[in-house]
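See structure below.
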Amino acid sequence: MAEKKVHKIVSASSGKDVTKEAKAASPTKPASRPTGNPGALRLGAILLWIAAIAFEVMAILLVTETIGILPAIEPIWKALAALVLDLICVVIGSQLWKKANHIDPASQKNPTKFWIHNNLGVIISVLAFLPFIIILLTSKKTDKKSKIIGSVAALVFAAIAGLTSVDWNPVSLEALQQADAGTTVYWTEHGKKFHLYEDCQALQQTDVLTTGTAQEAMDANRTSICKFCEKRYEEAQSLESVSEDLLEAAGE
């Protein structure tokens, strides 16, 4: 049997070595968490994203001279003005969406669905600029100079929108549940997740751990649970549920 890894454990709140105390640590009172109406925030985000697509359509109609307004201004500059409004709507909408997700997060059990839910703004960023670029480059009514200016500007806007729409530290439902329970957890200096168990197999090469509540871990940008710990926790919960059923049946 492999020798159990012995970690040095440091308190997240005090920075002190609490290796001995951590062995007998008990759950603490949950810290505060983001509040608000996630439904209203998501509705606001969706409306802004719809407006962004509408501004993109306007930009396409302007650059291809399908509609003619302000004839004294060249079509490409009118189109870029519409794209700026497009960008503003995408970015603000994405911030609202991310805030809603931190209040009412998705489960991390399905990684693909979890990523899409937390980064829907990135997808919208592509939809809000890529069609414009394609139509601009294939338009026979637009001159080469306008095509270069418009496509480069749209690519820059898309990059800005995409980078600001990414949720670099998405919160999972499971992590929030542990935070609400005041669970004591562990994390490493450079890791992106927190651990429910000090002896997690993912920590075997780590000498120093930080410990604190799950909320403190989330405040330190460890906003989801280690997959190994999550599976172990679910198995323990399932076993506990079976044991309770057996005890209940025996009592009858």
In the single-linkage hydrophobic clustering (I, L, V, M, F, W, Y; side-chain heavy atoms under 4.5 Å), do [X] and [Y] co-cluster?
X      : Y      : answer
Leu43  : Ile123 : no
Met218 : Phe114 : no
Ile124 : Leu130 : no
Leu47  : Ile92  : no
Val84  : Ile160 : yes

Check against side-chain contact (heavy atoms from CB on, under 4.5 Å), Ser146 and Val63:
CA-CA 9 Å; Ser146 295; Val63 79; 5.6 Å; no
Quick one: do Leu83 and Leu80 satisfy side-chain contact (heavy atoms from CB on, under 4.5 Å)? Show the steps, please.
CA-CA 5 Å; Leu83 286 185; Leu80 291 183; 4.1 Å; yes
Is there a donor-acceptor contact under 3.5 Å from the side chain of [X] to the main chain of [Y]?
X      : Y      : answer
Ser125 : Gly121 : yes
Thr211 : Val185 : yes
Arg222 : His195 : no
Lys193 : Ser224 : no
Lys231 : Cys226 : no

Measure the spacing between [atom1] of [X] and [atom2] of [Y] and express it to the nearest 0.5 Å.
X      : Y      : atom1 : atom2 : result
Ile76  : Asp143 : CD1   : CG    : 8.5 Å
Phe157 : Ile88  : CZ    : CD1   : 9.5 Å
Trp187 : Leu209 : CH2   : CG    : 10.0 Å
Thr188 : Asp207 : OG1   : CG    : 11.5 Å
Trp49  : Asp86  : CH2   : CG    : 13.0 Å
His102 : Asp167 : NE2   : CG    : 3.5 Å

Would you name the heavy atoms of [X] and [Y] that are closest together and state the gap between them?
X      : Y      : result
Phe228 : Cys200 : CB-SG, 3.9 Å
Ala161 : Thr164 : O-OG1, 3.1 Å
Thr64  : Lys141 : O-CD, 3.3 Å
Leu120 : Trp97  : CD2-CZ2, 3.7 Å
Gly44  : Leu96  : C-CD1, 4.0 Å
Ala175 : Ile225 : N-CD1, 3.8 Å

Quick one: does [X]'s side chain get under 4.5 Å of [Y]'s, heavy atoms only?
X      : Y      : value
Val57  : Leu61  : yes
Leu87  : Phe55  : no
Pro75  : Leu62  : no
Asn119 : Trp168 : no
Arg232 : Leu196 : no
Ile53  : Ile50  : no

Whether over 12 other heavy atoms sit under 6.0 Å from [X] [atom1]:
X      : atom1 : result
Lys113 : NZ    : no
Tyr197 : OH    : yes
Gln95  : CD    : yes

Whether the Glu174 and Ser107 side chains hold a donor-acceptor pair (N or O, under 3.5 Å, no angle test) is what I'd like checked.
yes
Walk me through whether Ser165 and Ser94 qualify under side-chain hydrogen bond (donor to acceptor under 3.5 Å, both in side chains).
CA-CA 5 Å; Ser165 297; Ser94 294; 2.7 Å; yes
Side chain to side chain donor-acceptor pair (under 3.5 Å): which pairs involve residues 39-48, sequence neighbours left out?
Arg42-Asn101, Arg42-Asp104, Arg42-His117
